[in-house]
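Below: one structure, written as structure tokens.
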Number of protein chains: 2
Amino acid sequence: MQAKIQDVQPICAVDYAFRRIGGKYKGRLLWYLHNHQVLRYGELRRSIVDITPKMLTQTLRELEEDGLIHREVYHEVPPKVEYRLTTVGQELVPFIEHLRDWGMQQMRKENIPMIGDTNCITND
Amino acid sequence: MQAKIQDVQPICAVDYAFRRIGGKYKGRLLWYLHNHQVLRYGELRRSIVDITPKMLTQTLRELEEDGLIHREVYHEVPPKVEYRLTTVGQELVPFIEHLRDWGMQQMRKENIPMIGDTNCITND
DNA sequence: CTGAATCCCCCAAGATACTG
DNA sequence: CAGTATCTTGGGGGATTCAG
């Protein structure tokens, strides 16, 4: 488990913000949730191609505890759980969007190959 | 040493961009360099209060190799080395700025204490 | 003053198997 | 379907010492 954001006193706001969206998968997770509005656990698992169930759950829990995403459980058989961005989470979208644009530009300029889609959009 | 950005094929642009500015100190380093235009090694060491010489050098080298900062060596006694953002590095400033604003707002709302300055500005 | 060189540790992340 | 439970590991990062 990553150290909770509340448990470590940040040096400054930049430090705080970077720690809050840091980690290997948080950026993509937020981005995919933004693109699809709402995604189920299995859909996220297929979107983040290189993630294991453990890391997916762990990252989702951290983002939830952190107030960036909302988790909705439907008590059905079979189970169904939906994830979506909270209002606070949505405030981060412009940032991720611009960062993605910058990343795309850099990759084009440097001719860097990638595994997935150019726009970071999944198909399902 | 962190795996070089060129050596790991990114999943998508978001993945790429996050990996390129990831790490514990890169964000603050870029931010401080933006605020002061140019900083010497020792000034950076005092700005990033929680960094060790090893991590400072390592992070600076990664950012340099990555084309985000420029390193200028003055062959004097005593030695003098200056760091500044490159053009590509400067393109990242708006995002860091936006992220910092978001972080400040969150910290104010949640009443989170911090160690350094609210604006992430150092004094020297 | 600006680093380099070691040694070491912790924990984020991976692999695998299992469950309500 | 949506997760847990263990075990393992790689390397990011820390502490300390030395150097030009």
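The sequence lines fix the lettering, A, B, ..., with proteins before strands; numbering per chain opens at 1. Keep in mind that the numbers below use all heavy atoms, side chains included, and drop hydrogens, waters and symmetry copies.
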Residues in side chain to side chain donor-acceptor pair (under 3.5 Å) contact with [X], at least two apart in sequence or another chain:
{"X": "B:Glu72", "result": "B:His70"}
{"X": "B:Tyr25", "result": "none"}
{"X": "B:Arg20", "result": "A:Gln106, B:Tyr16, B:Asp66"}

Exercise for the section: Check whether any side-chain heavy atom of B:Ile112 sits under 4.5 Å from a side-chain heavy atom of B:Met114, and report yes or no. Expected result: no
Fill in the blank from the handout: Taking five pairs at each terminus, the helix from C:dC1-D:dG20 to C:dG20-D:dC1 shows an axis bend, to 10°, of 60°
Rounded to whole Å, please give me the gap between [atom1] in [X] and [atom2] in [N].
{"X": "A:Lys24", "N": "D:dG11", "atom1": "NZ", "atom2": "C1'", "value": "12 Å"}
{"X": "B:Phe18", "N": "C:dA13", "atom1": "CZ", "atom2": "P", "value": "13 Å"}
{"X": "A:Leu39", "N": "D:dG3", "atom1": "CG", "atom2": "P", "value": "13 Å"}
{"X": "A:Glu82", "N": "D:dC1", "atom1": "CD", "atom2": "P", "value": "15 Å"}
{"X": "A:Leu56", "N": "C:dG14", "atom1": "CG", "atom2": "P", "value": "12 Å"}
{"X": "A:Tyr74", "N": "D:dG3", "atom1": "OH", "atom2": "P", "value": "13 Å"}
{"X": "A:Ile48", "N": "C:dG14", "atom1": "CD1", "atom2": "P", "value": "12 Å"}
{"X": "A:Met55", "N": "D:dT4", "atom1": "CE", "atom2": "C1'", "value": "15 Å"}

Problem - Side-chain donor or acceptor of B:His36 paired with backbone N/O of B:Tyr32 under 3.5 Å - result: yes
Could you write out each protein N or O paired with an N or O of nucleotides 1-8 of chain C at a distance under 3.5 Å?
{"residue": "C:dC1", "atom": "O3'", "partner": "B:Arg40", "partner atom": "NH2", "Å": "3.2"}
{"residue": "C:dT2", "atom": "OP1", "partner": "B:Arg40", "partner atom": "NE", "Å": "3.2"}
{"residue": "C:dT2", "atom": "OP1", "partner": "B:Arg40", "partner atom": "NH2", "Å": "3.3"}
{"residue": "C:dT2", "atom": "OP2", "partner": "B:Gly42", "partner atom": "N", "Å": "3.0"}
{"residue": "C:dG3", "atom": "OP1", "partner": "B:Arg61", "partner atom": "NH2", "Å": "3.2"}
{"residue": "C:dG3", "atom": "OP1", "partner": "B:Arg71", "partner atom": "NH2", "Å": "2.4"}
{"residue": "C:dG3", "atom": "OP2", "partner": "B:Tyr83", "partner atom": "OH", "Å": "2.6"}
{"residue": "C:dA4", "atom": "OP1", "partner": "B:Arg61", "partner atom": "NH1", "Å": "2.9"}
{"residue": "C:dA4", "atom": "OP2", "partner": "B:Arg61", "partner atom": "NH1", "Å": "3.4"}

Handout entry: Pairs touching residues 73-89 of chain A that satisfy salt bridge (charged side-chain N to carboxylate O under 4.0 Å, His left out), sequence neighbours left out
Key = A:Lys80-A:Glu82, A:Glu82-A:Arg84
Donor-acceptor pairs under 3.5 Å, side chain of residues 96-105 of chain A to any protein atom, not counting sequence neighbours: which ones?
{"residue": "A:His98", "atom": "ND1", "partner": "A:Pro94", "partner atom": "O", "Å": "3.2"}
{"residue": "A:Arg100", "atom": "NH1", "partner": "A:Asn119", "partner atom": "O", "Å": "3.1"}
{"residue": "A:Trp102", "atom": "NE1", "partner": "B:Glu91", "partner atom": "OE1", "Å": "3.3"}

Exercise for the section: Could you pull out all residues at least two apart from A:Arg45 that satisfy salt bridge (Lys or Arg N to Asp or Glu O under 4.0 Å)? Expected result: none
Exercise for the section: Scan B:Tyr25 against the nucleic acid and name what it touches under 4.0 Å (heavy atoms): base, sugar-phosphate only, or nothing. Expected result: sugar-phosphate
Exercise for the section: Kindly write out the residues that satisfy side-chain contact (heavy atoms from CB on, under 4.5 Å) with A:Glu64, not counting sequence neighbours, or none if the list is empty. Expected result: A:Arg61, A:Ile69, A:Arg71
